[in-house]
Every structure is written in C-alpha cells, then in structure tokens.
Colleague: 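One structure is given below, represented as structure tokens, and several questions about it will come after.
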Amino acid sequence: MMQQIIVIGAGIVGISTALELQRRGHSVRVFDRSGVAAETSAGNAGAFAFTEVEPLATPGIMRKAPKWLLDPLGPLSIPPAYALKIAPWMLRFWRASRADRYQKLLGAQVSLMQHSSAALTRQIALVDGEARMQRDGQMQLYESEAEYRASLPTWELRRRHGIDFELLESREAIAERQPGLSPRFTHAGFTPNWMNTIDPKAWTEHLVQAFRDRGGQIETHEVLNLTPIENGVRVTLANGTVDADHVVLSAGAWSHHLAQTLGDHIPLETERGYNTTLPEGAFDLRMHLTFSGHGFVASRINNGVRIGGAVELGGLTLPPNFKRAETLLDKARQFLPGLNTEGGTQWMGFRPSLPDSIPVIGPSPGAPNVIYAFGHGHLGLTQSAGTAEIVATLIDGQAPPIPTTPFAANRF
C-alpha cells in the first residue's frame, strides 16, 4: 500500500532511503535545511569501505588514546573547550571497547557491511551508476616491520569474513602497485575489491536526479519538531506543519536534536573531519591509499587528489581548525614526494558518530512511525544503500534483511 513518507535529510543516507522507498511504490518528500549533499556527503573521501569491518571501539584502544590526545594536530584530538562536554560519550566509547561488547558490535558491523555491499550493487544497477564508480582497490601502508606485524590480527579478521586481500612485504611490491611513494613504507595490505565513487557529491546528485525523474520532491525546510499523531507523524516546520504516514530521520550530525523532541536521548557526537582537494594532475594516484599510522587517506576525486581524515571530537559549533588540514597535507607531501600541493581547496565535515561505532537504524521507541537512520560515523556513504533497504522493509512491515536489534535506538 502506498504511504506518504517524509525523509528528513538530503545527504547520501536520506537520498538513498528516499529512492528505495520510492522504488517500492511510496510517495516520498525529502526535507533538508541546507540542500542536497550540503554537509558531510559533499566532501568525504568517496570510499565504499566494506573491508573496514572492525568497530572503532576496539579492546585496548583507550590505552592509545592519551598518546593521541597529547598531539592537538594528531589523528585524534579533543579541543579543550569541548573536553568536559564529550566526557560522557567517551565513557560509553570505553565501555563499548570491552571484549564481550566488542564481539557483538563486530558481528553487527559485519552483517551491515555485507548487506550494504550487495545493496550498493542493486542501487548502481537501478540508477545506471557504474560510470561514477572507481574499482581500483585500496592499499594500507605501514612504516616498519613492527607496525605491520601489529596489523596482522586485523587482516586475519578480514580473512575470516571472506574479504580478499594481498599482503605486500617489500618496497618493490608496493611500488609496483603505486609508484611514487616514499621508501619509508616497507609493508602494505592491498584490498582489490575496494571501490570509490569519482565524487561523493556528484554520486549523491546522481541519485537525486533518479529520484526526481520518478516524481520525488526535495524541499528546503528547517524541521523544528516531530509529534506522533494517530496513524502517523506531524512535522513542524518554521512556516507550518505537514502530516505523514511515516518519517525517516536521517539528518546526520543534527539528527539527535529532532530525536529529543520525541523524548529520545541518543548520544550522538560529531567527528569533525578535514581534507584538502588538489586539482587534476597533482599526483598519479593509482588507488585509494590509507596511511594507517597517521589516520588519513589519499583518494582520487575527479582525477584530482583528496587528502583527508583524522578525528576531531569537537561538536557542531566550535570554529574549524584548518591547521589540521594543513598538517595532513604536509604529511602527504612527505609520503608522496611528487605531490603538487598548490591550488587545493580545504573543507571540514561533521561525521555523526555513536560511541559504539554502529548507527541507529529502526523506530523511535515512543513513536514507531518515525524510523531513525543516522550515526554512521565515517561509513555513511559505505552503508547508505544497505541502510535504505533496511528502513524500507521496516516501513513495509517486512522482516529486515539483517537483525536490527544491535542498531536499536534504545540500546543506550
């Protein structure tokens, strides 16, 4: 039966969900306060990171955190002005890293990744999107035998879950795959089935065009409140109200504010990520590169190079610290000696992150006609198509393709 559905959020998760609901015969409107791909979906690394099955909250990670936090421009930082506010989130993160909890989270992450990979294949076919994909693989780089050996349990974890890879144990093997790297990198792991989009903003806009071609509507509104009503939801806007049978809340790092209007207090925080996009010709980048010990990546975007990553737990309101982007670019210049760093464009985005590293996907406990789909951290693009299919089955009253209990909103 066709239902009237409002999706809040025109980023990659919201647009993917709107398109899947539309495919199933529903009437869908998308509301966003800023426009299509106006936030994190515009400037991320463009990677579909299905191989990254291990949650961020791993056993022992809190022993590493103090060393990272001592470096204000390192791979993980918390601005002093935000440290007190984020303390409860960090406590939950620590609890999630305990061995018993970690194993459950790992299982949930693996199932979502496997489903999302298959869902992306279906989505690409639906919108004739193959020309917007890059299937060049990914290489994770290590600077010493010790760093490489420390990574082997993670590679073994990937092996157990059916992920193809090749371990490279010489500079020569690395250079054969990616010429031009600094000789400081002695070992690497290559995942051949890794893929990227040529441009995450353009990919989202391509999905939007398919949605509009099928009659979908995207409107600019600031949503102020959600209220359960009989057999539906009332959406309060700055200029009035709109009623719908269902609402999907996928507003990224702003989602928890609207969840609070329903009485749901979800500990969503913001991983602020920085990058610099260099123009075409900056470097002959053959594949996505991950500099494992430094928390950043190099990816090819529209034949240019995007250098970005790291985590700054700083919320939504503190001003950007673009010294972080400059630090990453300085490192990239050392690691890729031929890199031309002139003419770059800096950017900061807000990754919506929950302390146990997996998203919320499922109904509001007190308002079952509101479906949450947010908190994917740095895996929003990766998990977008899979999340869309899960949300659509829930709205249709069908059994979801994977168990959704680990992703429930009331798990905190």
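When reading the values below, keep in mind they use all heavy atoms of this one structure, side chains included, and skip hydrogens, waters and symmetry mates.
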Colleague: Any side-chain heavy atom of Ile6 within less than 4.5 Å of one from His221?
Modeller: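 Not touching, per the 4.5 Å side-chain cut-off.
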Colleague: If you compare all heavy atoms of Gly129 against all heavy atoms of His206, which two are closest, and at what distance to 0.1 Å?
Modeller: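 Closest approach of Gly129 to His206, heavy atoms only: CA-NE2, 4.0 Å.
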Colleague: Determine the sole option in Ile12, Thr197, Val13, Asp199 for which the side chain to side chain contact (heavy atoms under 4.5 Å, CB included) test with Thr204 is passed.
Modeller: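 Of the listed residues Ile12, Thr197, Val13, Asp199, the side chain to side chain contact (heavy atoms under 4.5 Å, CB included) partner of Thr204 is Ile12.
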Colleague: As a quick check of understanding, evaluate side-chain hydrogen bond (donor to acceptor under 3.5 Å, both in side chains) for Asp213 and Gln209, giving each step before the final call.
Modeller: CA-CA 6 Å; Asp213 288 347; Gln209 190 60 53; 2.8 Å; yes
Colleague: Holding to salt bridge (Lys or Arg N to Asp or Glu O under 4.0 Å), I want the full list of residues that pass it with Arg214, two or more places apart in sequence or in another chain.
Modeller: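 With sequence neighbours excluded, Arg214 shows a salt bridge (Lys or Arg N to Asp or Glu O under 4.0 Å) to no residue whatsoever.
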Colleague: Are the side chain of Thr261 and the backbone N or O of Leu226 linked by a donor-acceptor pair below 3.5 Å?
Modeller: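 Present.
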Colleague: Is any side-chain heavy atom of Tyr148 closer than 4.5 Å to a side-chain heavy atom of Thr186?
Modeller: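 Tyr148 does not reach Thr186 side chain to side chain.
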Colleague: Applying the side-chain hydrogen bond (donor to acceptor under 3.5 Å, both in side chains) test to His187, which of Arg149, Gln140, Glu169, Glu145 qualifies?
Modeller: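 Result for side-chain hydrogen bond (donor to acceptor under 3.5 Å, both in side chains) with His187: Glu145.
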Colleague: What pair of heavy atoms forms the shortest contact from Arg306 to Asn44, and how long is it?
Modeller: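 Answer, listing the atom of Arg306 first, then Asn44: NH1-O, 2.7 Å.
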Colleague: Students often mix this up, so state it plainly: with edges at 30° and 60°, are the rings of Phe48 and Phe50 parallel, tilted or perpendicular?
Modeller: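 The arrangement is parallel - the two ring planes meet at less than 30°.
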Colleague: Is there a side-chain contact between Ile358 and Leu112, using heavy atoms and a 4.5 Å cut-off?
Modeller: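 No, every pair of side-chain atoms sits at 4.5 Å or beyond.
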Colleague: Check Tyr102 against Ser97 and note the closest heavy-atom contact, atom names and distance.
Modeller: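 The pair with the smallest heavy-atom distance is CB-O, 4.3 Å.
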Colleague: Just to verify, what does Thr393 make a side chain to side chain contact (heavy atoms under 4.5 Å, CB included) with, not counting sequence neighbours?
Modeller: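 Checked Thr393 against side chain to side chain contact (heavy atoms under 4.5 Å, CB included); matches are Arg24, Gln398, Pro400, Pro401.
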Colleague: Is any side-chain heavy atom of Val391 less than 4.5 Å from a side-chain heavy atom of Glu20?
Modeller: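 Sidechains of Glu20 and Val391: no contact.
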Colleague: Considering all heavy atoms of both residues, which atom of Gly189 and which atom of Tyr142 are nearest to each other, and what is their separation?
Modeller: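 That closest heavy-atom pairing would be N-CE1, 4.1 Å.
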Colleague: I'd like to know if Glu326 and Lys323 make a salt bridge, using a cut-off of under 4.0 Å between side-chain N and carboxylate O.
Modeller: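 Looking at Lys323 together with Glu326, the answer is no, because their closest N to O distance does not fall below 4.0 Å.
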Colleague: Could you go through Ser77 and Arg324, starting from their C-alpha distance and side-chain angles, then the distance that decides it, and tell me whether this counts as side-chain hydrogen bond (donor to acceptor under 3.5 Å, both in side chains)?
Modeller: CA-CA 10 Å; Ser77 74; Arg324 296 184 64 78; 3.0 Å; yes
Colleague: If we count only N and O atoms by modelled type, under 3.5 Å, do the side chains of His294 and Glu143 hold a donor and an acceptor together?
Modeller: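 Result is yes, a qualifying pair exists.
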Colleague: So, the side chain of Thr270 versus the backbone of Gly314: is there a donor-acceptor pair under 3.5 Å, distance only?
Modeller: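 Here the side-chain-to-backbone pair does not exist.
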Colleague: When you compare the side chain of Pro200 with that of Ile301, does any pair of heavy atoms fall below 4.5 Å?
Modeller: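 They are in contact (side-chain heavy atoms under 4.5 Å apart), so the answer is yes.
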Colleague: Is there a donor-acceptor pair under 3.5 Å between the side chain of Ser116 and the backbone N or O of Met113?
Modeller: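 Answer holds: no.
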Colleague: Closer than 4.0 angstrom, basic N to acidic O: yes or no for Arg33 and Glu39?
Modeller: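 Answer for the salt bridge query: yes.
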Colleague: Without swapping roles, check the side chain of Arg351 against the backbone of His378 for a donor-acceptor pair under 3.5 Å.
Modeller: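 Checked: no pair found.
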Colleague: Given Asp136, which partner from the list Arg286, Arg300, Arg177 fulfils the salt bridge (charged side-chain N to carboxylate O under 4.0 Å, His left out) test?
Modeller: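 So, applying the salt bridge (charged side-chain N to carboxylate O under 4.0 Å, His left out) to Asp136 and each of Arg286, Arg300, Arg177, only Arg300 qualifies.
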Colleague: Does the Gln22 side chain pair with the main chain of Phe211, one donor and one acceptor, at a distance under 3.5 Å?
Modeller: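 Confirmed, Gln22 side chain pairs with Phe211 backbone.
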Colleague: Does Thr290 form a side-chain hydrogen bond (donor to acceptor under 3.5 Å, both in side chains) with Gln138? I'd like the steps, not just the answer.
Modeller: CA-CA 7 Å; Thr290 300; Gln138 179 243 191; 2.6 Å; yes
Colleague: Can any side-chain N or O of Ser117 pair as donor or acceptor with the backbone N or O of Gln114 at less than 3.5 Å?
Modeller: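 No, Ser117 side chain to Gln114 backbone: no donor-acceptor pair under 3.5 Å.
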Colleague: Looking only at heavy atoms, which two atoms of Leu278 and Glu342 are closest? And how far apart?
Modeller: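 In this case the closest contact between Leu278 and Glu342 is CD2-O, 4.2 Å.
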Colleague: Please list all pairs passing the side chain to side chain donor-acceptor pair (under 3.5 Å) test where one or both residues lie in residues 244-254, with sequence neighbours left out.
Modeller: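 Side chain to side chain donor-acceptor pair (under 3.5 Å) check on residues 244-254 returns Gln3-His246.
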Colleague: Got a sec, which pairs hit side chain to side chain donor-acceptor pair (under 3.5 Å) with one end in residues 78-92, sequence neighbours left out?
Modeller: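 Residue pairs with at least one partner in residues 78-92: Tyr82-Glu269.
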Colleague: Checking Arg101 now: which residues fulfil side chain to side chain donor-acceptor pair (under 3.5 Å) with it, not counting sequence neighbours?
Modeller: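 Once residues adjacent in sequence are excluded, the partners of Arg101 under the side chain to side chain donor-acceptor pair (under 3.5 Å) criterion are Asp356.
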Colleague: Any carboxylate oxygen within less than 4.0 angstrom of a Lys/Arg side-chain nitrogen, looking at Glu130 and Arg135?
Modeller: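 A salt bridge is present here (some side-chain N lies under 4.0 Å from a carboxylate O).
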Colleague: Do the side chains of Tyr372 and His256 get nearer than 4.5 Å, heavy atoms only?
Modeller: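 Heavy-atom side-chain distance check fails, nothing below 4.5 Å.
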Colleague: Can you tell me if Glu156 has over 12 outside heavy atoms packed within less than 6.0 Å of its CD?
Modeller: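 It does: Glu156 CD has more than 12 such atoms within range.
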Colleague: In Å and rounded to the nearest 0.5 Å, what is the CG to OG1 distance from Leu207 to Thr17?
Modeller: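 The CG atom of Leu207 sits 10.5 Å away from the OG1 atom of Thr17.
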Colleague: Using 30° and 60° as the class limits, which term best fits the ring planes of Phe165 and Trp155: parallel, tilted or perpendicular?
Modeller: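 Aromatic pair Phe165/Trp155 classed tilted.
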Colleague: Could you tell me which residues satisfy side chain to side chain contact (heavy atoms under 4.5 Å, CB included) with Ala188, sequence neighbours excluded, listed by chain and number?
Modeller: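 Side chain to side chain contact (heavy atoms under 4.5 Å, CB included) check on Ala188 returns Met139, Leu141, Leu168, Ile174.
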Colleague: Would you confirm whether Asn302, through its side chain, and Gly304, through its main-chain N or O, come within 3.5 Å as a donor-acceptor pair?
Modeller: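 Here the side-chain-to-backbone pair does not exist.
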Colleague: Do Trp203 and Val127 come within less than 4.5 Å of each other through their side chains, counting heavy atoms only?
Modeller: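 Counting from C-beta outward, Trp203 and Val127 do come under 4.5 Å.
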Colleague: Atom CD in Glu280, atom CG in Asn303: separation rounded to 0.5 Å?
Modeller: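 Glu280 CD to Asn303 CG: 4.5 Å, rounded to 0.5 Å.
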Colleague: Roughly how far, to the nearest 0.5 Å, is CG of Leu120 from OG of Ser384?
Modeller: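 Reported value, rounded in 0.5 Å steps: 7.0 Å.
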Colleague: Which atom names give the shortest non-hydrogen contact between Ser16 and Gln123, and what distance separates them?
Modeller: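 For Ser16 and Gln123, the tightest heavy-atom pair comes out as OG-NE2, 3.1 Å.
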Colleague: Any donor-acceptor pair under 3.5 Å linking the side chain of Ser144 with the backbone of Glu147?
Modeller: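 Indeed, once roles are kept as given, a pair shorter than 3.5 Å links the two residues.
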Colleague: Among Asn275, Thr277, Thr276, which residue satisfies the side chain to side chain contact (heavy atoms under 4.5 Å, CB included) criterion with Gln346?
Modeller: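 Going through Asn275, Thr277, Thr276 one by one, the side chain to side chain contact (heavy atoms under 4.5 Å, CB included) with Gln346 is satisfied by Thr276 alone.
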Colleague: What's the spacing between Asp264 CG and Asn410 CG if we round to 0.5 Å?
Modeller: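 Reported to 0.5 Å precision, the distance equals 8.5 Å.
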Colleague: Using a 4.5 Å cut-off on heavy atoms from C-beta on, say whether the side chain of Val223 contacts that of Leu237.
Modeller: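 The answer is yes, as the side chains (C-beta and beyond) meet within the 4.5 Å cut-off.
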